[in-house]
Amino acid sequence: MPTSITTRPWRRALPALCLLALSSPLLAAEFIINTTADAPDTNPGDGQCTGFGLPPSARCSLRAAIMEANAQGGTHLIGLPDGDYILDEAGIDEDQAVTGDLDIRADITIVNGSAALPFIGQQVGDRLFEVHPTASLTLQHVGLGGGEALNGARPFGGAVLVWYAADLQIERSYLFGNRASKGGAVHVWGDASIVDSALEFNFLVDPAPDDDNQGSAIAVERTIFAPAQLGLVRSSLSDNGEVEFNGNLVPNSYALLVEDGAKAQIYNTSIIDNTRGIWVRSASQLDMGQSTIANNRSFGLRFDHNPDNPDPRLTVLFTVIAGNGGVAQCRSASAFFLNPNLTQLDVSDHANAATDASCGFVGNSDVALDGWPFHPQPMQQDLTRYYLPVPDRGLVDAGGPTCLGPDDQRNAPKPVNGSGQAQALCDIGAIEFDPQTDPGLPDQLLSDGFED
């Protein structure tokens, strides 16, 4: 195992990122939502959550609570019980949360502490949340679905749009069925952290699709005002991509787009079963570790290098890229293969694995896979989805004794002795195989070339 893996600065920053994403202000609940109705606040700034036209016993709507928090400024906590919260106040491009999406202009945490997952949806052709500059939004254990950003001045981020100098944290949440012209679920011009969450069945719609319309799940792009960055930890992006909607769709869309000098850190995450995986372009940076990119219909990873920038812009460690369609697992702007000799790439000899040489995993600690290394069907842990590695197929105990982190996507400890050898070794990818709890494959599947 090369020592460079254990000394890389971005790796030391990941625990801090995780702690930041998982921590929340210790606040007394300022507003408890007691109605699923969508109604604006009667008098923003009076300290009362009173949805217009609602009965005294059930006046605190989600929209009213957000309007009141915005009017007061500062930091606020909103308790959201289980239920379906459908936004039906029509009026896009209104920026005070009175109509359309829920505009965030303060530091707001929306939390649900029950076992059930409350659902926030949209009925009037708008996104769900817009986080404005200098504001922050934390979502804990919620579902966001049906958001739409196809019209108006900013057709980005079907569920959430994050402005420059704004902050978004999503924890233990499920984003599904959202659509936009760019950033099907989330569009980030500021900072975003997504932890223990799943983004599924989000897609792009545009009457004139082209390469500018990307990020069927997430799009991250720097602006002239401030950098943009994404942290994606113990999460999954799956089944995002081509969906026909009113006769229009964007073909060949990547689930995650990182562009214009933005930065993304991906850790213990699965990018699976999408139309395409990840596209990094325009001098942007991707640091990825202990992750899985598998079974996307076309390329798993595309990295368009910047020959004028000598600094490494792509770092990949303990990651598997396998079973993706198209002519290769990885590609770049000028060819279908990533050149491992490019100074912008730091991918070789870092305990990575792939089913062809296109990703540049050609070092002594890397693994050239011979076929599909997982169970045939994806599995699910809480909200997130993943592919479980199979022993003796190239991933289990193939990463060496020093792991990139102490746990896997499922929060299970690593390393675990998955091959029966004397020493516990790390697995490659987002999931650490545990023979005590994870199923093996029937003998006939191991012998009949199931990987085809």
Side-chain angles (χ1 to χ4, degrees), residues 17 21 101-104 108 110 120-122 126-133 135-150 154-205 213-223 227-241 243 250 253-260 262-266 269 271 274-275 277-280 284 286 383-384:
L17 172 67
D101 58 16
L102 299 172
D103 298 285
I104 305 298
I108 296 176
I110 299 175
I120 303 173
Q122 181 62 265
D126 204 346
R127 72 175 59 82
L128 304 178
F129 290 95
E130 183 170 354
V131 189
H132 290 267
S136 70
L137 172 64
T138 298
L139 298 169
Q140 297 178 339
H141 200 229
V142 299
L144 304 180
E148 177 181 308
L150 304 178
R154 302 174 292 273
F156 312 123
V160 188
L161 173 62
V162 185
W163 278 88
Y164 60 86
D167 180 78
L168 171 69
Q169 295 186 38
I170 297 177
E171 306 164 15
R172 298 182 300 114
S173 294
Y174 182 49
L175 285 68
F176 64 99
N178 302 286
R179 52 190 178 266
S181 294
K182 190 173 186 178
V186 179
H187 189 282
V188 182
W189 284 316
D191 293 344
S193 174
I194 301 175
V195 181
D196 295 321
S197 297
L199 289 81
E200 293 185 356
F201 304 109
N202 303 286
F203 59 99
L204 302 175
V205 178
N213 310 105
Q214 288 293 332
S216 56
I218 306 172
V220 190
E221 58 177 320
R222 182 188 177 102
T223 72
Q229 55 187 0
L230 168 72
L232 196 58
V233 180
R234 292 193 306 271
S235 295
S236 63
L237 275 59
S238 61
D239 292 297
N240 301 287
V243 177
V250 177
S253 59
Y254 287 82
L256 171 61
L257 171 69
V258 186
E259 67 173 351
D260 293 336
K263 297 181 180 181
Q265 291 184 332
I266 300 178
T269 287
I271 314 289
N274 304 287
T275 300
I278 303 173
W279 189 359
V280 184
S284 295
L286 173 64
L383 296 172
T384 68

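Predicted model only: the values in this text are computed from it and were never measured.
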### Query
In chain order, what residues pass the side-chain contact (heavy atoms from CB on, under 4.5 Å) check against Pro133, with sequence neighbours excluded?
Trp163, Tyr164
### Task
With side chain to side chain contact (heavy atoms under 4.5 Å, CB included) as the test, would you mind laying out the steps for Ile218 and Leu237 before giving the verdict?
CA-CA 9 Å; Ile218 306 172; Leu237 275 59; 4.3 Å; yes
### Query
For the side chain of Gln229 and the backbone of Lys263, is there at least one donor-acceptor N/O pair under 3.5 Å apart?
no
### Query
Is the closest side-chain heavy-atom distance between Ile194 and Leu175 below 4.5 Å?
no
### Message
Quick check for you: to the nearest 0.5 Å, what is the distance between His141 atom NE2 and Leu383 atom CG?
### Response
6.0 Å
### Task
Decide yes or no on side chain to side chain contact (heavy atoms under 4.5 Å, CB included) for Val131 and Asp167, but give the supporting numbers first.
CA-CA 7 Å; Val131 189; Asp167 180 78; over 6 Å; no
### Query
Are Val195 and Arg234 close enough, and set up right, to give a side chain to side chain contact (heavy atoms under 4.5 Å, CB included), and what steps lead you there?
CA-CA 6 Å; Val195 181; Arg234 292 193 306 271; 3.7 Å; yes
### Message
Checking the side chain of Asn178 only, and the main-chain atoms of Leu144 only, is there a donor and an acceptor separated by less than 3.5 Å?
### Response
yes
### Task
Could you check Val186, Leu230, Ile104, Val188 and say which one makes a side-chain contact (heavy atoms from CB on, under 4.5 Å) with Leu168?
Val186
### Query
With side chains defined as the heavy atoms from C-beta onward, is the minimum distance between Lys182 and His187 less than 4.5 Å?
yes
### Query
Does any N or O in the side chain of Ser197 come within less than 3.5 Å of the main-chain N or O of Tyr174, such that one atom is a donor and the other an acceptor?
no
### Message
Just so I know, are the side chains of Val142 and Ser173 near enough to count as touching, which here means a heavy-atom distance under 4.5 Å?
### Response
yes
### Message
As a test of understanding, state which of Asn240, Asn202, Asp239 forms a side chain to side chain donor-acceptor pair (under 3.5 Å) with Asn274.
### Response
Asn240
### Euclidean distance, Gln122 CD relative to Arg179 CZ, rounded to 0.5 Å
10.0 Å
### Message
Can a donor-acceptor pair be found, under 3.5 Å and without considering hydrogens, that links the side chain of Arg127 to the backbone of Gly157?
### Response
yes
### Phe156 CZ to Asn213 CG distance, which is reported to the nearest 0.5 Å
9.0 Å
#### Entry: Test item: Ile271 and Leu256 side chains (from C-beta on) under 4.5 Å apart, heavy atoms
no
### Query
Is there a side-chain contact between Ser235 and Thr269, using heavy atoms and a 4.5 Å cut-off?
yes
### Summary
Smallest heavy-atom separation, Ser253 atom then Gly241 atom, equals OG-CA, 3.5 Å
### Task
Please determine which of Ile110, Ile170, Leu102 meets the side-chain contact (heavy atoms from CB on, under 4.5 Å) test together with Leu137.
Ile110
#### Entry: CG-NE2 distance between Leu161 and His132, expressed to the nearest 0.5 angstrom
8.0 Å
#### Entry: Pair Ser284-Glu259, side-chain donor/acceptor within less than 3.5 Å
no
